[in-house]
Undergrad: 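Before we start, here is the structure in question, set down as structure tokens.
Predicted, not measured: the structure shown is a model, and the values here were computed from it. Residue indices begin at 1 and follow the sequence shown. When a ligand or atom number is given, it counts from 1 through the structure's own listing order. As a basis for the values below, the full set of heavy atoms in this structure was taken, side chains included, without hydrogen atoms, waters or symmetry mates.
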Amino acid sequence: MSTKFKLMLNIALFGPPGAGKGTQAKRLVEKYNLVHLSTGDMIRREIAEGTDLGKMAESIINRGELLSDEFVVELIANSMAQHRKAAGFLFDGFPRTVAQAEILDQMLEHEGTPLKGLISINVPFEELKRRILERAKTDGRADDNETTVERRFKEYNDKTLPVANHYKQKGLHIDIEGNRPVEEVFTSIVHVLENLK
Ligand code: AMP
């Protein structure tokens, strides 16, 4: 692990479906010993385990819509509470609305460990669609199909994109060109992180 970060390294990976957040998250978590908090993974786990939360979430996620802010904030808050000694959190797929961003900021500021950056991975729309439909052949995700993907993009444009502005105003938004090989994208993200104040 890098010794550069004396305080917690809390960062968020941001971008549309198919941008490569999950792929980069796995590598970053390993390099910096972070706790990976992916709301999508948490929800899929609840669904697989057949919990009450999972039952509530299933039809919404399968339609490609966003779950309520209360629902995902509770998942995130519970997971953070379970990892109080973490070297840092890597938020993946969260925050996805400005309301979620405001709550996250409050939670982290309350702990004295604010977000260090929102890493925004940019990939052209046609490439995103191609990647998701390719992923659909192997990952078995019920929401990786053409109809649901359109809805997920619409949700992203309407509700999630404003999160980028929220962090631009705070000077925490970092752009990364994501239409490149995985290793190159990773190297760029590491470079940015190593140069964070
Ligand atoms: P992901 O694995 O991040 O692509 O998330 C898959 C699906 O889970 C999304 O399309 C939403 O239905 C739901 N979801 C994941 N994260 C959130 C979030 N932060 N807010 C609302 N819904 C979410």
Undergrad: Of all the non-hydrogen atoms in the protein, which one sits nearest to atom 12 (O) of ligand 1, and at what distance?
TA: E65 O, 2.6 Å
Undergrad: With atoms numbered from 1 as shown, which atoms in ligand 1 lie under 4.0 angstrom from a non-hydrogen atom of I43?
TA: 8 (O), 13 (C), 14 (N), 15 (C)
Undergrad: Are K137 and E134 ion-paired here, with the side-chain N under 4.0 Å from a carboxylate O?
TA: yes
Undergrad: Check each of R151, R96, K21 against atom 17 (C) of ligand 1 and report the one with the nearest heavy atom.
TA: R96
Undergrad: Please determine whether a side-chain nitrogen of the Lys or Arg among R131 and E126 lies less than 4.0 Å from a carboxylate oxygen of the Asp or Glu.
TA: no
Undergrad: Do you know which two heavy atoms are closest between F89 and N10, and how far apart they sit?
TA: N-OD1, 2.9 Å
Undergrad: May I ask you to list the atoms of ligand 1 that are less than 4.0 angstrom from any heavy atom of R44?
TA: 2 (O), 6 (C)
Undergrad: Which option wins on minimum heavy-atom distance to atom 6 (C) of ligand 1: E58, R152, R141?
TA: R141
Undergrad: Check ligand 1 against Q100 and write out every atom of the ligand that is under 4.0 Å from a heavy-atom position of the residue.
TA: 18 (C), 19 (N), 20 (N), 21 (C)
Undergrad: Would you indicate whether E127, at its atom CD, is surrounded by more than 12 heavy atoms from other residues, nucleotides or ligands within a distance under 6.0 Å?
TA: yes
Undergrad: Return the minimal non-hydrogen interatomic distance between G54 and I47, and the atom names on each side.
TA: O-CG1, 3.6 Å
Undergrad: Counting heavy atoms only, which of T39, I61, I60 is nearest atom 7 (C) of ligand 1?
TA: I61
Undergrad: Taking NZ, NE, NH1 and NH2 as the nitrogens, is one of them in D92 or K21 under 4.0 Å from a carboxylate oxygen of the other?
TA: no
Undergrad: Which pair of heavy atoms, one from A142 and one from N62, lies closest together, and at what distance?
TA: CB-OD1, 3.4 Å
Undergrad: Is it true that H166 and D105 share a donor-acceptor pair across their side chains at a distance under 3.5 Å?
TA: yes
Undergrad: Which heavy atom of the protein is the closest neighbour of atom 22 (N) of ligand 1, given with residue, atom name and distance?
TA: L67 N, 3.1 Å
Undergrad: Between the side chains of D158 and K154, is the shortest nitrogen-to-carboxylate-oxygen separation below 4.0 Å, so that they form an ion pair?
TA: yes
Undergrad: What do you reckon, does E155 put a non-hydrogen atom under 4.0 Å from ligand 1?
TA: no
Undergrad: Could you tell me whether V72 approaches ligand 1 through its side chain, its backbone, both or neither, with non-hydrogen atoms closer than 4.0 Å?
TA: side chain
Undergrad: If you count the atoms of ligand 1 from 1 in the order shown, which ones are under 4.0 Å from a heavy atom of G93?
TA: 16 (N), 17 (C), 18 (C), 19 (N)
Undergrad: Which of the numbered atoms in ligand 1 are under 4.0 angstrom from any heavy atom belonging to D143?
TA: 6 (C)
Undergrad: Counting heavy atoms only, which part of K159 comes closer than 4.0 Å to ligand 1: side chain, backbone, both or neither?
TA: neither
